[in-house]
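Comments concern the structure below.
Residue numbers start from 1 in every chain, and the chains themselves are labelled A, B, ... in the order their sequence lines are given, proteins ahead of strands.
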There are 2 protein chains.
Amino acid sequence: MKHFIIFVVYISKISKMNFEQGKQEFLGTWGTLATQWGINRTMAQIHALLLISPEALSAEEIMEELSISRGNANMNIRELITWDLVKKILKPGERKEFFEAEKDMFEIFKRVARERKRREIEPVLKVLEQLSSIEEDSTSVDVVQFRKTVKNMTEFVSNANKTIDTIIKADENWFFSSIFKLMK
Amino acid sequence: MKHFIIFVVYISKISKMNFEQGKQEFLGTWGTLATQWGINRTMAQIHALLLISPEALSAEEIMEELSISRGNANMNIRELITWDLVKKILKPGERKEFFEAEKDMFEIFKRVARERKRREIEPVLKVLEQLSSIEEDSTSVDVVQFRKTVKNMTEFVSNANKTIDTIIKADENWFFSSIFKLMK
DNA sequence: TCATACTTTCAAATATTATTGAAACATTTA
DNA sequence: TAAATGTTTCAATAATATTTGAAAGTATGA
């Protein structure tokens with residue numbers, strides 16, 4: 001009996017979702033996902049909120065909707081702006097700043113790719129380059145395997161880097177249709 | 001003068017790197033990178049250590065080399081095994097378990113892609129699916145924009161998911177050469 | 001079966017990262 | 001210029017995630 005009730009509650013929870021619940025679910029899911037991606041929860045939630053918002057929102061409205069502090073909101077909005085995912089809007093006659101998200105998914109993807117490339121891939125390539133020039137003429141298996149690993153990794157990361165450049169320049173339809181042609 | 005000395009120290013640091021230093025730099029860099037990717041530092045360092053090691057290593061050797069505790073080593077080795085990046089080796093006559101990493105970079109990339117797809121993309125698709133069925137026949141701009149966002153996102157994530165499937169099945173040379181052909 | 005050699009678990013300690021909120025700072029308007 | 005209205009900063013605090021290490025668990029072989 002107990003299990004039956006739990007089951008009914010569960011079903012009604014997923015099937016009778018209204019707008020407000022759907023919205024909360026969306027913001028929450030996006031936030032959780034972001035955590036796994038090394039982006040912080042709040043930043044992702046603000047972005048998600050702006051994505052589903054037809055109008056640009058003020059810092060106040062964002063704080064209110066997500067129940068977060070002024071400082072937190074400010075920091076993460078700024079960060080979203082440096083990622084080029086959100087822009088500041090000044091409405092004529094209003095003194096307040098408003099914020100609006102880029103809404104095209106492929107565009108979002110490309111901007112995230114560009115930022116991650118800059119922050120992660122490029123520094124790694126620099127280190128790998130340095131490592132390929134260690135001065136050790138030992139022929140021990142350790143050194144040999146180290147060299148081999150560094151070489152393979154450099155090659156791979158450098159190819160991946162070029163691939164990302166391609167994607168960044170690509171147009172969505174062209175990109176996916178090219179990829180899907182490759183599948184056959 | 002002070003700056004000159006700092007400069008010389010810096011240059012000698014990057015140019016006179018020997019094997020031991022190079023190794024530490026490699027382990028450290030890989031660990032840092034992993035943090036940004038939502039993977040923990042130790043897991044990445046163990047993987048890196050096994051990558052540059054010509055022989056399979058025991059838990060003891062891993063603990064020793066990375067100065068980590070037994071529990072930590074064990075947890076992260078197990079996690080690497082579930083990601084299919086490391087496998088257990090039983091040497092005949094030895095009672096101890098040894099561990100060995102997959103060394104082919106493209107293979108590593110594919111296995112990480114497979115795992116992340118399973119852990120991140122698929123759950124998100126499930127949520128998006130649910131969200132596209134919210135019962136709200138309001139025609140408010142909010143609801144309209146919400147529907148639009150969910151629809152676009154579903155489409156994009158689903159294409160990305162298929163793309164990852166393609167990559168997982170691909171062979172390295174074929175994949176990169178196809179991508180590079182697209183660039184022209 | 002028991003001693004031994006090894007692996008796994010998990011609660012507590014530690015380290016890391018995110019968040020708050022009040023104060024400082026900046027800009028606009030009367 | 002002062003008051004009003006916003007924005008930004010940052011030290012303190014809270015929340016999360018990682019790590020330790022001792023104890024429990026397991027498999028091996030004499």
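- Taking every side-chain heavy atom of A:Arg70 into account, D:dT7 is the closest of D:dT7, C:dT8, C:dA18.
- Residue B:Gly71 is the one, among A:Gly93 and B:Gly71, whose nearest nucleotide of DNA chain C lies closer to the 5' end (criterion: closest heavy atom).
- Computed from coordinates, the A:Glu79 CD to C:dT17 P distance equals 14 Å when rounded to whole Å.
- In this structure, B:Ile39 atom CD1 and D:dT18 atom P are separated by 11 Å, rounded to whole Å.
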Result block: side-chain N/O donor-acceptor pairs under 3.5 angstrom for residues 144-155 of chain B, not counting sequence neighbours:
unit_1	atom_1	unit_2	atom_2	d
B:Gln145	NE2	A:Leu51	O	3.1
B:Gln145	NE2	B:Thr149	OG1	3.1
B:Arg147	NH2	B:Ile134	O	3.1
B:Arg147	NH2	B:Glu136	O	3.3
B:Thr149	OG1	A:Leu51	O	3.0
B:Thr149	OG1	B:Gln145	O	2.9
B:Thr154	OG1	B:Val150	O	2.6

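- Rounded to the nearest 0.5 Å, atoms CG (A:Leu57) and CG (A:Leu66) are 9.5 Å apart.
- Summarising the geometry, the separation between CG on A:Asn40 and P on C:dT16 is reported as 18 Å, rounded to the nearest angstrom.
- The interatomic distance linking B:Lys96 (NZ) with D:dG29 (C1') rounds to 18 Å, in whole Å.
- What separates CE of B:Met75 from P of D:dT18 is a distance of 8 Å, to the nearest Å.
- Residue pairs meeting the ring pair (Phe, Tyr, Trp, His ring centres under 6.0 Å) criterion with at least one member in residues 50-103 of chain B: none, sequence neighbours excluded.
- B:Arg119 has a carboxylate O that lies under 4.0 Å from a charged side-chain N of B:Glu115, or vice versa, which qualifies the two as a salt bridge.
- Residues B:Arg41 and B:Glu60 both approach DNA chain C. Their nearest nucleotides, taken by heavy-atom distance, put B:Glu60 toward the 5′ side.
- Here D:dA17 presents its P atom at 16 Å from CE of B:Met43, a figure rounded to the nearest Å.
- The C1' atoms of five pairs define one axis at each end of the helix from C:dT1-D:dA30 to C:dA30-D:dT1, and these two axes lie 10° apart (to 10°).
- Spacing between atom CZ of B:Arg78 and atom P of C:dT8 amounts to 7 Å, rounded to whole angstrom units.
- Nearest-nucleotide mapping onto DNA chain D: of A:Glu94 and B:Asn72, the residue sitting toward the 5' end is A:Glu94.
- Judged by atom type and distance alone, A:Arg95 does not reach the base of C:dT29 through any side-chain donor-acceptor pair under 3.5 Å.
- The nucleotide whose nearest atom lies closest to any side-chain atom of B:Asn76 is, among C:dT19, D:dT7, D:dT19, D:dT19.
- With respect to the salt-bridge test (charged N to carboxylate O, under 4.0 angstrom), the residues A:Glu120 and A:Arg116 qualify.
- In this structure, the CZ atom of B:Phe99 is 13 Å from the P atom of C:dC6, given to the nearest Å.
- Separation of atoms CD1 (A:Ile52) and CH2 (A:Trp30) is listed at 12.0 Å; rounding is to 0.5 Å.
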